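As the structure is a prediction and not an experimental result, all values here were calculated from the model. Residue numbers count from 1 along this sequence.
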Amino acid sequence: MSGQQGDQTRPHPDVQTVEQVVRGQLAKALGGRRGMVEAAVPTIVFTVLWITTRELQTALVVSVAAALLMLVVRLVQRSTVQFVVNALVGIGIGWLFVSMSARGGASEDEQALAYFLPGILYNSGYAVVLALTCLVGWPLVGFMVGSVTGDPTAWHDDKQVVRLTTRLTWLLVLPCIVRVAAQAPVYLAGRSGTMEADTAVAVLGILKVGLGWPLQLAALAAMVWLLARNHTPIESRPAST
């Protein structure tokens, strides 16, 4: 490997600890306050319109329009559209589930319930995958460290790093479990008739917003507290020559 390529495998000179790496990667993944708002606005618009109008198509169209407006602003400002696109993808998947429900002959209330099913499935799958990475000893957050050191697996040789990244990964799992535990019973109650469908939709909308970024921020606060207690040095492999 050439000397130039070898330099690319070394961690950034300003990044000296695992905690710095994880803090930087998490900040990038969340997109700051603006990214959080852009992710939450479409769901808030959908829920408020559904509760106030009971018009499913209106709620879907206006929430998409809100996301597209934010996308245009991002494009004009020539800044990242990642978080708006994520919101649009979420709405698109929700819309797909609504359409499938409609083709199956479901009522409008049942179609509105279907809008929330992808989020419940996503959080279930995400929690299972992240938990498995911890249980098999290869926590996902460890690979964030590997992406900076230039060797995706070298961090695993350091037991201190493995312990830290395992704890951090479990903190990412916890919000997903809470969301599924809160939303799945409401969804099933709405589907079975134990709870009025329109009431279930309103509760799911409130839970989706309330357990979205607020819960994620609580988990991140716990991660920041954990990161502030340690200063685990990054050990990268010698660059190839």
- Note on the structure: Smallest heavy-atom separation, Val186 atom then Met195 atom, equals CG1-SD, 4.1 Å
- Nearest non-hydrogen partners of Pro139 and Thr169, listed with the distance: CB-OG1, 3.4 Å
- Message: In this structure, would Phe116 and Val203 fall into the same cluster of hydrophobic residues linked by side-chain contacts under 4.5 Å?
- Response: yes
- Item | Gln183 to Lys208 - nearest heavy-atom pair and separation | NE2-CA, 3.6 Å
- Message: Which heavy atom of Gly137 sits nearest to which heavy atom of Val162, and what is that distance?
- Response: O-CG1, 4.2 Å
- Task: Output, in order, the C-alpha distance, side-chain angles, deciding distance and verdict of side-chain contact (heavy atoms from CB on, under 4.5 Å) for Leu172 and Met223.
- Result: CA-CA 9 Å; Leu172 290 177; Met223 297 175 79; 3.9 Å; yes
Could you list the donor-acceptor pairs under 3.5 angstrom formed between side-chain atoms of residues 61-71 and any protein atom two or more places apart in sequence or on another chain?
unit_1 : atom_1 : unit_2 : atom_2 : d
Ser63  : OG     : Ala59  : O      : 3.0
Ser63  : OG     : Leu60  : O      : 2.8

- Query: Which heavy-atom pair separates Gln160 from Asp158 by the least distance, and what is that distance?
  - Reply: N-OD1, 2.9 Å
- Check step by step if side-chain contact (heavy atoms from CB on, under 4.5 Å) holds for Leu75 and Val81. CA-CA 7 Å; Leu75 290 173; Val81 299; 3.8 Å; yes
- Task: Measure the CG-OG1 distance between Leu171 and Thr166 for me, rounded to the nearest 0.5 Å.
- Result: 11.0 Å
Contacts under 3.5 angstrom, residues 117-136 side chains, donor-acceptor by atom type, not counting sequence neighbours:
unit_1 : atom_1 : unit_2 : atom_2 : d
Asn123 : OD1    : Arg179 : NH1    : 3.1
Asn123 : ND2    : Gly119 : O      : 2.8
Ser124 : OG     : Ile120 : O      : 2.8
Thr133 : OG1    : Leu130 : O      : 2.6
Thr133 : OG1    : Leu140 : N      : 3.3

- Distance col, row Ser107:OG vs Leu113:CG, nearest 0.5 angstrom, shows 8.0 Å
- Do Val180 and Leu215 share a hydrophobic cluster, counting only Ile, Leu, Val, Met, Phe, Trp and Tyr and linking them when any side-chain heavy atoms are less than 4.5 Å apart? no
- Message: Hydrophobic cluster membership, with links at side-chain heavy-atom distances under 4.5 Å among I/L/V/M/F/W/Y: are Val73 and Leu88 in one?
- Response: no
- Task: Please name all residues satisfying ring pair (Phe, Tyr, Trp, His ring centres under 6.0 Å) with Trp138, sequence neighbours left out, ordered by chain then number.
- Result: Trp155, His156
